[in-house]
Amino acid sequence: MVSKKKALEMIDTIDQMFPDAECELKHSNPFELTIAVLLSAQCTDNTVNKVTQDLFQKYHTPEDYLNVELSELENDIRRIGLYRNKAKNIQKLSKSLIDKFDGEVPNTHQELESLAGVGRKTANVVMSVAFGAPALAVDTHVERVSKRLGICRWKDSVLEVECKLTSIIPKDRWTKSHHQLIFFGRYHCLARKPKCGECPLFDDCREGQKRYKASLRAVGGVS
Ligand code: SF4
């Protein structure tokens with residue numbers, strides 16, 4: 001693994017690459033954000049935004065989601081992966097918001113994670129984006145790039161990745177870094193075709209070096 005100092009230098013470089021990174025899930029309040037993040041599991045933000053464009057016109061409150069048959073809500077989000085399960089969770093979550101939180105999205109990790117379909121990552125996103133609290137959510141992009149760069153170990157759990165990143169990155173940068181690491185993974189260090197040839201972190205990146213050597217071997221450049 002790289003040192004903390006080197007890891008922070010890498011984070012600084014990513015900061016310079018994506019200074020304006022921000023949440024790409026369209027929403028206008030904490031409730032819409034919570035629904036959007038719940039829908040985004042194993043689905044692109046782009047697809048979620050296409051679906052929520054109509055969804056948020058039709059449903060405004062937790063009551064709205066409960067006032068329709070489950071099959072109707074399923075149909076409204078059917079373009080999203082795992083839509084049946086997600087529709088069920090949206091209705092359960094809506095009921096909990098009404099029963100326990102006066103219809104409002106709560107602003108603590110513990111309360112958020114008590115809601116159906118809301119895990120640590122979703123709670124972190126809602127806490128940081130909707131309520132401005134310091135939190136660093138680890139999604140698939142954040143996990144992949146942190147491991148490729150050697151900031152974390154390949155065998156680290158998602159929680160270990162979060163702990164490692166929050167121990168390296170100053171607290172007032174957690175939210176911004178979360179978005180920047182996502183942008184870095186989404187637009188530069190892509191899962192299948194990372195842009196190693198034009199990467200400012202190439203010299204320090206073990207994954208980039210490994211891929212480069214493999215490409216040389218493939219053309220007979222090195223043994
Ligand atoms: Fe990702 Fe390649 Fe850059 Fe490493 S060198 S961070 S694998 S794009």
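Because the structure is a prediction, the values reported are computed rather than measured. When a ligand or atom number is given, it counts from 1 through the structure's own listing order.
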(request) Give a yes or no on this: more than 12 heavy atoms of other residues, nucleotides or ligands lie within 6.0 Å of atom CZ of Arg84. (result)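 No, not enclosed.
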Pull out every atom of ligand 1 sitting under 4.0 Å from any heavy atom of [X], numbered as shown with elements.
| X | value |
| --- | --- |
| Phe184 | 6 (S) |
| Gly208 | 4 (Fe), 5 (S), 7 (S) |
| Leu149 | 6 (S) |

Closest approach of any protein heavy atom to [atom], naming residue and atom:
| atom | result |
| --- | --- |
| atom 2 (Fe) of ligand 1 | Cys196 SG, 2.4 Å |
| atom 1 (Fe) of ligand 1 | Cys189 SG, 2.4 Å |
| atom 3 (Fe) of ligand 1 | Cys199 SG, 2.4 Å |

(request) State plainly whether the residues Asp45 and Arg186 are in salt-bridge range, i.e. N to O under 4.0 Å. (result)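 Counted as a salt bridge, because a side-chain N and a carboxylate O are separated by less than 4.0 Å.
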(message) Suppose we call two aromatic rings close when their centres sit under 6.0 Å apart. Are Phe31 and Tyr65 close by that rule?
(response)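 Phe31 vs Tyr65: aromatic centres under 6.0 Å.
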(request) Could you tell me whether Lys195 approaches ligand 1 through its side chain, its backbone, both or neither, with non-hydrogen atoms closer than 4.0 Å? (result)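 For Lys195, the contact with ligand 1 is made by the backbone alone.
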(request) Apply side-chain hydrogen bond (donor to acceptor under 3.5 Å, both in side chains) to Thr13 and Gln16, showing your working. (result) CA-CA 5 Å; Thr13 300; Gln16 286 161 15; 5.1 Å; no
(request) State whether a side-chain donor-acceptor pair under 3.5 Å links Asn75 with Tyr83. (result) no
(message) Pairing donors with acceptors under 3.5 angstrom, does anything connect the side chains of His109 and Asn124?
(response) yes
(message) Taking N, O or S atoms only and a limit of 2.8 Å, check whether Cys205 reaches atom 4 (Fe) of ligand 1.
(response) yes
